[in-house]
Structure formats: C-alpha cells, structure tokens
Amino acid sequence: MLKEFRPAILVLLALTAITGLLYPLAMTGIAGVVFPAQAEGSLMMRDGQVIGSALIGQEFKDDKYFHGRPSATSAADPNDATKTVPAPYNAANSSGSNLGPTSKALADRLKEDVDKLKAENPAQAVPVDLVTTSASGLDPDISPEAALFQAPRVAKARSLPEASVRTLVAQHTQGRLLGLLGEPRVNVLALNLALDAKAK
C-alpha cells in the first residue's frame, strides 16, 4: 500500500517546494532586480526620509496642498473597542464606506463636501472624485480635472501664479497605461512634494 502512495507523496512534496517556496523566492528576487522601487513598496523620500508610498494616499488638509479623494477607512475607537472612528488612508483597514445610493448619511456628506468645494471655486463644476471615496479608501491619485479645480486655492495659499501651479499639474499628469488602460491621473503626494520643492 505504501508503495502506491509513495510517488504521490513525493510529487506533492516536490510541487509544494517548487510552487510554495522556490517560485515565490525567484519572483521576489527578479522583481527586486528588474523593478527595485516597486518591489520596495514605491516609497517616496524627502531629505533621506521615507514620507509615504506612491501607492497609498495621504490626508492633506492645509490649503497650500492639493487634497486627495475622501477616504472611508476607519480604525477601532481607542475609548470603546466596539466602535470605530474615521482613520483616513488606514492601510490596515482598506475598504469603502458601504453606504448605498439611498443612504441619507452619504447624501448629507456629499452635499456638505460639494457645498464646501463650491465655495472654494464657484466658477467650476466639482469633479466627482473630490467628493466620492474609492473602493479601497486608499486611492493616491485624483483626476487632472480634480487637481486643476484646486489650483486657484493652492496658488493663492502659496502666493504663486495660478499658471505656474497649472503647469506643475500638467507635468505630473500620468496618461493611460500603454495609451489604452485606465484614466489620466495625478499622484497627490508626488504633486505636493513638487510644490514644496518649488517653494525652496
């Protein structure tokens, strides 16, 4: 009986070693050589310090910075473990809000956000990605339209010509992958870093 099972056990062990150990190690090693920055998490540095990742959004509230999409991620309430509190861009709890289109809480939040943005730039229509969350709640990018919508506020807060800020947005706009996939986008952290570098 053991004679019949022996080849099956050996094949199982060999395939487990190949697909569970050797292949992942080989792919990790190749990724580290071919795509070193991406393999390390697409980390962004300033003055030798890691300040974030190009793959995970950050919350910017100051008027002199571009703001990203709202984030619906949350964390445990430190005062009551049975409840949660908002924790924008919490990578440990990636999720959307799960509020449906008939949700009063969602409608109220959207109205409040749209009204606030309309007051900031009444001449322009509010881009949808400035008031809606992404499915992950971690989206690091906004549309070029959302960045240009914020350009007057950022220019005023930094005492820069608006045309200069618009040029910076254009320089940081990434096109579709291979000209076909996805939508044009602007990485908010990279754009804000460029703004800070321009101010120096």
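Across all their heavy atoms, Ala39 and Ala31 have their closest contact at CB-O, 3.8 Å. The nearest pair of heavy atoms linking Gly48 to Met45 is O-CE, 3.6 Å. Of all non-hydrogen atoms in Pro184 and Pro144, the two that sit nearest each other are O-CD, 3.4 Å. Taking all atoms of both residues into account, the shortest heavy-atom contact from Lys118 to Ala125 is NZ-CA, 4.1 Å. Scanning both residues, Val131 and Val126, for their nearest heavy atoms gives CG1-CG1, 4.1 Å. When all heavy atoms of Gly175 and Arg185 are compared, the closest pair comes out as O-NH1, 2.9 Å.
Residue pairs meeting the side chain to side chain donor-acceptor pair (under 3.5 Å) criterion with at least one partner in residues 7-34, sequence neighbours excluded, do not occur; the list is empty.
Counting heavy atoms from C-beta on, the side chains of Leu106 and Arg109 come closer than 4.5 Å. Between Val169 and Phe66 the shortest side-chain heavy-atom distance falls below 4.5 Å. No side-chain heavy atom of Asp113 sits less than 4.5 Å from a side-chain heavy atom of Leu130.
In this structure, the side chain of Ser53 engages the main chain of Gly41 through a donor-acceptor pair within 3.5 Å. Using modelled atom types, one side-chain atom of Arg69 and one backbone atom of Thr133 make a donor-acceptor pair closer than 3.5 Å. Although no hydrogens or angles enter the test, the distance criterion places no donor-acceptor pair under 3.5 Å between the side chain of Glu40 and the main chain of Gly32. The closest donor-acceptor contact from the side chain of Arg176 to the backbone of Gly182 lies under 3.5 Å.
With sequence neighbours excluded, the residues forming a side-chain hydrogen bond (donor to acceptor under 3.5 Å, both in side chains) with Asp129 are Ser143, listed by chain and number. Annotation: side chain to side chain contact (heavy atoms under 4.5 Å, CB included) contacts of Arg153 (sequence neighbours excluded): Asp63, His67, Glu120, Gln150. Partners of Lys104 by side-chain hydrogen bond (donor to acceptor under 3.5 Å, both in side chains), not counting sequence neighbours, listed by chain and number: Asp108. Partners of Asn187 under the side chain to side chain contact (heavy atoms under 4.5 Å, CB included) rule, at least two apart in sequence or in another chain, are Met44, Ala54, Pro140, Asp141, Gln174, Leu189, Ala190. Evaluation of the salt bridge (charged side-chain N to carboxylate O under 4.0 Å, His left out) rule for Asp62 yields no partner, not counting sequence neighbours. With sequence neighbours excluded, no residue satisfies side chain to side chain contact (heavy atoms under 4.5 Å, CB included) with Lys116. Partners of Gln124 under the side chain to side chain contact (heavy atoms under 4.5 Å, CB included) rule, at least two apart in sequence or in another chain, are Asn121, Phe149. Listed by chain and number, the residues in a side-chain hydrogen bond (donor to acceptor under 3.5 Å, both in side chains) with Thr173 amount to none (sequence neighbours excluded). Applying the salt bridge (charged side-chain N to carboxylate O under 4.0 Å, His left out) rule to Glu112 yields no partners; only residues at least two apart in sequence or on another chain are considered. The side-chain hydrogen bond (donor to acceptor under 3.5 Å, both in side chains) check on Lys156 picks up nothing, with sequence neighbours excluded. Listed by chain and residue number, Tyr65 satisfy the ring-ring contact (aromatic ring centres under 6.0 Å, His included) test with Phe60 (two or more places apart in sequence, or in another chain).
A continuous path of hydrophobic side-chain contacts links Ile51 to Val188 [ILVMFWY only; heavy atoms under 4.5 Å]. Tracing side-chain contacts under 4.5 Å through hydrophobic residues (I, L, V, M, F, W, Y), one never reaches Val50 starting from Leu193; they form parts of separate clusters. A continuous path of ILVMFWY side-chain contacts below 4.5 Å connects Met27 to Phe35, so both sit in one hydrophobic cluster. When the side chains of ILVMFWY residues are joined at heavy-atom separations under 4.5 Å, either directly or via intervening members, Phe5 and Leu10 end up in two distinct hydrophobic clusters.
Interatomic distance, Gln171 CD to Leu191 CG, rounded to the nearest 0.5 Å: 10.0 Å.
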**Report entry** Check against side chain to side chain contact (heavy atoms under 4.5 Å, CB included), Leu138 and Leu55
**Finding:** CA-CA 8 Å; Leu138 306 176; Leu55 304 175; over 6 Å; no
Report task. Under the side chain to side chain contact (heavy atoms under 4.5 Å, CB included) rule, what do Val154 and Lys64 come out as? Steps first, then yes or no, please. Result -> CA-CA 5 Å; Val154 172; Lys64 69 180 187 173; 5.7 Å; no
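The neighbour count for Gln49 CD, taken as heavy atoms of other residues, nucleotides or ligands under 6.0 Å away, does not exceed 12.
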